[in-house]
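Small disclaimer: the values here were computed from a predicted structure and weren't measured.
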Amino acid sequence: MKELSKQYDPQKTEDDIYKMWEDSGFFNPDVCIEKGITDADAETFSIVLPPPNVTGTLHIGHAAMLAIEDTIVRFNRMQGKRTLWIPGTDHAAIATQSKVEKILKEEENKTRYDLGRKEFLKRVDVFAQDSHDTIVNQSKKMGSSLDWSREAFTLDEKRSHAVRTAFKKMYDDNLIYQGARIVNWDPIGKTTVSDDEVIYKEEVAKFYYLQYGPFVIGTSRPETKFGDKYVVMHPDDDRYKEYKHEQEIELEWINGKITATVIKDEAIDMDFGSGVMTITPWHDNTDFDIATRHNLDYEQIIDFDGTLLEIAGEFAGQPITDARQNIIDKLDEKGLLVKLEDDYVHNIATAERTGGTIEPQIKKQWWIDVNKEFEQNGKKTTLKILMQSAVRDNLIDIIPEQFEKTYFHWIDNLRDWCISRQIWYGHQIPVWYCQNADENEKCTQPIVSTDDIISCPHCDGEVKQDPDTLDTWFSSGLWTFSTLGWPEQTDDFLTYHSTNLLETGYDILFFWVARMILMTRYILDGEVPFKTVYLHGLVRDEKGRKMSKSIGNVINPMDVNKKYGTDAVRLSLMIGSTPGNDAKMSEKKIESYRNFSNKLWNIGRYITTQDIKETSDVSINSPADAWIMSRLSQTISSVTQHIENYRLSQAGEELRDFTWTTFADWYVEIHKIEKNDTVLIHVYKTLLKLWHPFIPFVTETIWQEMFDEDQILMVTKYPAPQETSMKEDVLNTFETVKEIITHIRNIRATYTVPANSEINITIITQDVKNITTQENLIKKLARVGKITIQTEDTPQTESASAIFTDGKLYVHLSGIIDIEKEKKRLEDDIAQTEKYIKSIQGRLNSEQFTKKAPENIVQQERDNLIQAETKVTESSQHLENLTN
RNA sequence: GCACGCUUAGCUCAGUUGGUUAGAGCACCUCGUUUACACCGAGGGGGUCGUGAGUUCGAGUCUCUCAGCGUGUACCA
């Protein structure tokens, strides 16, 4: 066995280790089968990487995602499953485009219009490629065992084909339609955004009460009021009984006299303001609905660039912010301003990406109809129903469960999905319009096609493609199967779909997860994209704030990887955080896991300095051996179960506990006396395998440097629990001896005042056979040279001894005990135990308990009682001995 | 407003279907520093599990109330 170097230096080895894995080809399940690592007919485990946006670099949240997924993937691969983890990146249409636009503005003071569509897209491609390369490199640094040979991009050729195929299928089924409706218009990005891309921010604004003929209306947006010629009130509102539905009223308004029409509608809240409002159907959803119900006129007031249109008369061309005050000034002059409140708190809608204030507008867009009935597998259904039933019928489990409720709540309020965007970067909508539509009736229909259309199929005339692009989530929605080659029925697609798991942040449950379910169930005839959704939380700073550049609290994963090692970072992101909950991250936490990697390394170092021969045999010679083997077996089965149920934190914690406090602190110490090399090596090798999914670098490094194995650790078989043949009472003996040792050490460490008294510690054991071994052990571990243990054959020394009689082990200590402190400890201990005894007795005396509680619980309590009583008796005996 | 969470040791959090005297890491205190490891070892203190009630033989765990915090979502002119 080769000796390990003094310290583990992750920076020196990580890149080489990753390269070795990559060169081995084992990230690719086909290679695993070819090389006999995996059986061809093995169960599959497939998962897609949520493709990071090509907008720059990875952040700590990505690092967490990669760590969690890699751990699960490595675990499954080692379990012998045919395991596939597909990498990729997302073109992230609007996010990427606005990033490039920003750079363009800063560096060249140009807009995308200055460059033109073609040239601009070239720039975006260069930027995206650059980001992509960074992201791939960073993913490798994290140790991700992704199958790079299958890498995909949401905007590459294959995915484009999938997108067009999906679009055409939906269009042909009338699930995609074109319609003029209210959209969320972002005047900065000059595009529509979906409901989910709108962020509401609280704002304090002015609220105006205006005289509108005989009514007083309230508004916070006077600039929209020009076109208001309908005044609406609740049909049951007695205050306005005298006014009839569709009654016309002449009144003085901003730019002179107008004729207003009274409308009665139940959407009006009688208690809000004056209970009367005027409506602006072009720029408000509720108003639009009212107008649609009563078949009223619409008129656009605000232009798409955020300035007022001709209808505003003298205010035309002014931006909203200026116009608002000017209009109020004029209304005030005319005596129409009744009252002004300046502490009106409301939410304003802003665009997620650009920060622009959303202006609702009516615009012709492409929509996906979520409520339209269609037939699937002989049953009538809708997209909404497909989304609901996937989770309701347990085709998909969401972890943690509470998000299932959130999911249903979202679907209940779901409206049609606006999928067209007025931006350039993305999948251009696969629809062409014939330029001769006016002349030829046949040519008025849009042409939807999966291939580019060069000329009109009816008249051979010129065609133009719809200039809009698709919402980025349209292509992401196809991700689980577009990455596997769909619409072609490839081997990959047939083998690996549905995928087993989707692991992603809860913040994109609606954006992405829900859309994937919608798309997959529709396109693949009810099939689900994945069987389990695991939602992780956000990674926050140590104070619980979001990490942001402006606060300066960003932890860059690459920096800390370099400083503490990738494994430490991975562990700190996985242990101590549970699905769905945000995790706080700090360098201190990473540091503590760096210490752990070092511990694992040093156990190996101890082994390599011991002149041990490598062997695969395991011989159990002592209770200590049996004990560690049995504890190992317990740990394996528990850890395996935890990982299978995606409780990674729990699994990691138990492994750490076993490694540190059981194996390193006890068994390795014991080995210094007993020298059973076979068990030591077996446990250590097993631990390396158990740890490998979590901390692949340090484990593989140790494996490579220490041992002379044929197989790399990454593809070794995951350990299975093993029954030990040792009897339970032998194991108990060891636990007992362990307790004695702890107790002796405790006394020595805690009590320092010299006294010439003796103390007896009585421990009950059932097995005396291995006492000689334990004698040395206690001696060594107590690290008190003077202590010896006396059995029937060994003589007593002058300062300390232990004696076995009547199945009891008496340990005598002398010379180092503070009697007063020891007395107090015993007294406290007795008092506490007596209290405990009382509570058990109370329970056992109650008939309800003995009758209704299960038998094993009752028996357990009886045992507890006996144990506690024994403890009191013995402690009292010690106390008496001390007092005399 | 509606929905969903969270509240357990000084801090960060575990606690699977209700069942021994509620756990870990960090921090703190004491002692130790020994050829695997000071990126160390041994030990200790510290919690009426947010409040109040209920169900139960038994509640950190289930139900309800209230309070504080957070997230999502809707919105009113």
Are A/His671 and A/Tyr606 an aromatic pair by the rule of ring centers under 6.0 Å? yes
Using a heavy-atom cut-off of 4.0 Å across all strands, would you classify A/Ile603 as base, sugar-phosphate, or nothing? base
Which of B/C4, B/C13, B/A77 is nearest the side chain of A/Gln402? It is B/C4
Select base, sugar-phosphate, or nothing to describe what A/Gln641 touches, counting heavy atoms under 4.0 Å on all strands. nothing
Give the ring-plane orientation class for A/Phe596 versus A/Trp691, where under 30° counts as parallel, over 60° as perpendicular and anything between as tilted. tilted
Do the side chain of A/Lys599 and the base of B/C37 come within less than 3.5 angstrom through a donor-acceptor pair of N or O atoms? yes
Describe, in one word, how the ring planes of A/Tyr684 and A/Phe663 are oriented to each other, choosing from parallel (under 30°), tilted (30 to 60°) and perpendicular (over 60°). parallel
Please convert RNA chain B into dot-bracket. A pair counts if it is Watson-Crick or G-U wobble with both distances under 3.5 Å; crossing pairs go in [ ] and bases paired with another strand get |. (((((((..((((.....[...)))).(((((.......))))).....(.(((..]....))).))))))))....
Both A/Arg605 and A/Asn595 contact RNA chain B. Taking the nearest nucleotide for each, which residue is further toward the 5' end? A/Arg605
Would you please confirm or rule out a distance under 4.0 Å between OP1 or OP2 of B/G41 and any side-chain N or O of A/Trp660? yes
What nucleic acid atoms does A/Val232 come within less than 4.0 Å of, heavy atoms only: base, sugar-phosphate, or nothing? nothing
Does A/Lys588 make a side-chain N or O approach to OP1 or OP2 of B/G25 shorter than 4.0 Å? no
Run the salt-bridge test on A/Glu266 and A/Arg293 with the 4.0 Å N-O cut-off and return the result as yes or no. no
Could you check whether A/Lys838 gets within reach of a base, just the sugar-phosphate, or nothing at all, counting any heavy atom under 4.0 Å? nothing
Does any donor-acceptor pair link the side chain of A/Gln7 with the base of B/C39 at a separation under 3.5 Å? yes
Heavy atoms only, 4.0 Å cut-off, all strands: where does A/Thr280 land among base, sugar-phosphate and nothing? nothing
Residues A/Arg594 and A/Glu591 bridged, charged N to O under 4.0 Å: yes
Base, sugar-phosphate or nothing for A/Ser220? Non-hydrogen atoms, less than 4.0 Å. sugar-phosphate
Which atom pairs link the protein and nucleotides 20-22 of chain B when you take only N or O atoms and keep those under 3.5 Å?
unit_1 : atom_1 : unit_2   : atom_2 : d
B/U20  : O2'    : A/Tyr836 : OH     : 2.7
B/U20  : O2     : A/Asn864 : OD1    : 2.7
B/U20  : O2     : A/Asn864 : ND2    : 3.0
B/U21  : OP1    : A/Arg843 : NH2    : 3.3

For A/Phe403, report the nucleic acid contact type (base, sugar-phosphate, nothing); a contact means any heavy atom under 4.0 Å. nothing
Select base, sugar-phosphate, or nothing to describe what A/Phe510 touches, counting heavy atoms under 4.0 Å on all strands. sugar-phosphate
Answer yes or no: does a side-chain N or O of A/Ser592 lie under 4.0 Å from OP1 or OP2 of B/C39? no
Measuring only between side-chain heavy atoms, which start at C-beta, is A/Tyr8 closer than 4.5 Å to A/Thr13? yes
Looking for any heavy atom pair under 4.0 Å, which part of the strands does A/Asn856 touch: base, sugar-phosphate only, or nothing? nothing
I want to check something: taking the side chain as every heavy atom from C-beta on, are A/Ile399 and A/Val533 in contact at a cut-off of under 4.5 Å? no
